[in-house]
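Chain A is the first sequence line, chain B the second, and so forth, proteins listed ahead of strands; every chain is numbered from 1.
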Number of protein chains: 2
Amino acid sequence: MSAIKSSQTIGQATSSGSDKDAEHSKANQATIAYRLLKQDIINGAYQPGDKLLMSHLKSHYEIGAGPMREALSQLVADRLVTAISQRGFRVAEMSEEELTDIYDARAHLEALITGLAVERGDEDWEADILGEAHKLSRVNEVNSPEEMLQVWDSRHKSFHRAIVSGCGSPKLLEMRASLLDQAERYRQLWLKQTVFSQLALEEKRQEHTELVDALLNRDKEKAKALMYAHILSPIAIIKGLLPTQSR
Amino acid sequence: MSAIKSSQTIGQATSSGSDKDAEHSKANQATIAYRLLKQDIINGAYQPGDKLLMSHLKSHYEIGAGPMREALSQLVADRLVTAISQRGFRVAEMSEEELTDIYDARAHLEALITGLAVERGDEDWEADILGEAHKLSRVNEVNSPEEMLQVWDSRHKSFHRAIVSGCGSPKLLEMRASLLDQAERYRQLWLKQTVFSQLALEEKRQEHTELVDALLNRDKEKAKALMYAHILSPIAIIKGLLPTQSR
DNA sequence: ACCTCTAAAAATGTAGATATTTTTGAATAA
DNA sequence: TTATTCAAAAATATCTACATTTTTAGAGGT
């Protein structure tokens with residue numbers, strides 16, 4: 001079992017903003033554990049393939065076995081955890097095949113959604129994209145490198161969210177969100193390389209400019225092509241960073 | 001609460017063929033309950049909006065509250081059940097908006113996948129499609145109308161599965177399967193109308209023939225367009241059959 | 001009609017019992 | 001010596017029964 005220096009332990013959970021819960025997110029134990037564990041897996045507190053011991057999880061998240069199982073089986077549905085009956089749970093492995101598959105699927109799906117957004121987006125959609133693009137281009141006045149990573153990632157995500165939100169299909173956006181979650185561990189590898197390289201950042205800035213241009217000109221095919229390439233571009237970098245699986 | 005005449009109760013579960021479980025599906029209680037309840041919801045044993053009482057579920061599926069919760073929260077992830085913290089679970093509502101959204105998303109996704117399959121499918125893929133198309137066209141020697149519905153649906157699904165399986169992307173196929181599950185309650189309404197109408201069946205047969213033709217000719221754009229239309233066509237019929245929501 | 005209170009119902013959580021798998025180590029065979 | 005088998009022990013996962021908390025619904029009062 002690898003080193004674990006995960007997030008905080010909770011008393012009754014800070015009521016964060018809106019989340020995936022249907023109504024007001026008055027979370028129960030299972031939901032709390034689900035969120036924490038998901039974050040811990042994405043942030044690498046547990047490594048791919050690590051066994052998730054019930055006894056450890058129970059004490060670490062200060063929770064009973066019932067709700068903990070509930071959280072774990074949610075993460076199985078999210079493909080971040082694998083389960084074998086009677087033998088417990090492990091963190092899902094990462095592999096080059098999965099990386100390729102996820103990014104291929106994401107690129108096609110995001111291009112599809114982008115195309116729909118170009119067809120269906122209204123003026124608010126245009127305005128939102130411009131606003132987010134502007135905020136993303138102005139990620140400078142920050143203190144620590146840590147904060148830089150945080151802020152750039154957050155605004156980059158918002159930028160993409162603004163684009164796809166015009167597609168008008170909640171279901172397609174759900175699918176997209178699911179793939180994004182599955183990609184998150186791979187993305188983290190790429191982020192650290194990209195955000196701290198002026199060259200890489202400049203390249204991304206260029207791609208974003210072209211993309212915004214195509215979107216506002218309602219050039220559907222060009223926007224789709226640019227988006228497709230934009231999503232796929234990190235693959236090469238990530239392949240080089242992928243932890244060699246030896247377990 | 002509506003009438004319930006669900007499936008059988010289980011001793012230790014018949015070890016069915018391969019399922020979504022990673023390894024050999026030696027199911028635990030939660031998994032068993034998940035499968036049964038999912039079937040019961042899809043087959044209409046519980047109506048949209050019905051409250052799913054813990055006490056009832058426990059006795060009906062002969063299971064404890066813990067595993068039952070686990071099954072329920074899986075179904076929440078599948079969007080077949082909704083949950084409100086401290087207030088329990090209900091069968092997800094059906095609506096015209098959701099119908100439209102699901103079918104729109106399915107049509108776009110299935111067209112996307114079909115396009116990829118045309119590009120990536122090999123000879124086995126072609127052969128498989130031909131085989132399944134043939135089996136589907138020969139749904140005649142059956143006894144009861146009930147069996148007719150069963151057999152036609154099953155072969156129709158196999159036909160589509162054969163087509164999309166050529167796309168080479170497990171993740172896209174997962175997304176597709178998820179949407180198909182969500183569409184299932186709506187599809188059931190359509191099925192009963194279609195399978196027992198010679199006219200409707202003939203129409204479908206025609207669409208399938210054209211589709212197979214485009215696929216084997218590797219005419220990507222035509223195949224995508226046909227698939228898109230094929231998926232969307234049931235919408236009009238289903239809208240007329242949708243239960244009026246009065247709860 | 002509109003509160004307030006209270007008892008019943010229901011959801012959620014905990015702890016301990018049970019069943020399964022994995023490990024350990026001694027005995028046996030190569 | 002080294003490998004293999006087997007059985008008991010330990011570790012672990014899973015389930016059930018019970019306890020706690022929260023919501024609901026109705027009675028009574030204003």
Inter- and intrachain pairs under ring-ring contact (aromatic ring centres under 6.0 Å, His included), touching residues 142-173 of chain A, at least two apart
Trp152(A)-His156(A), His156(A)-His160(A), His156(A)-His208(A), His156(A)-His230(A), Phe159(A)-His208(A), His160(A)-His230(A)
With sequence neighbours left out, write down each residue that passes salt bridge (Lys or Arg N to Asp or Glu O under 4.0 Å) with Arg161(A), or none if nothing qualifies.
none
His56(B) NE2 to dA9(C) C1', straight-line distance once rounded to whole Å:
16 Å
Could you tell me how far apart Leu52(A) (CG) and dA13(D) (P) are, to the nearest whole angstrom?
9 Å
Name all residues meeting the side-chain contact (heavy atoms from CB on, under 4.5 Å) criterion together with Asp124(B); count only those two or more places apart in sequence or in a different chain, and write none if there are none.
Asp122(B)
Could you run down nucleotides 14-19 of chain D 5' to 3' and tag each one B, S or - for protein heavy-atom contact under 4.0 Å?
SSB---
With sequence neighbours excluded, residues passing side-chain contact (heavy atoms from CB on, under 4.5 Å) with Leu189(A):
Met94(A), Ile238(A), Leu241(A), Leu242(A), Pro243(A)
Taking side-chain contact (heavy atoms from CB on, under 4.5 Å) as the definition, give me every residue that meets it alongside Glu174(A), ordered by chain and number, with sequence neighbours left out.
Lys171(A), Arg79(B), Gln182(B)
Whole-Å gap separating C1' (dG13(C)) and CE (Met68(B)):
17 Å
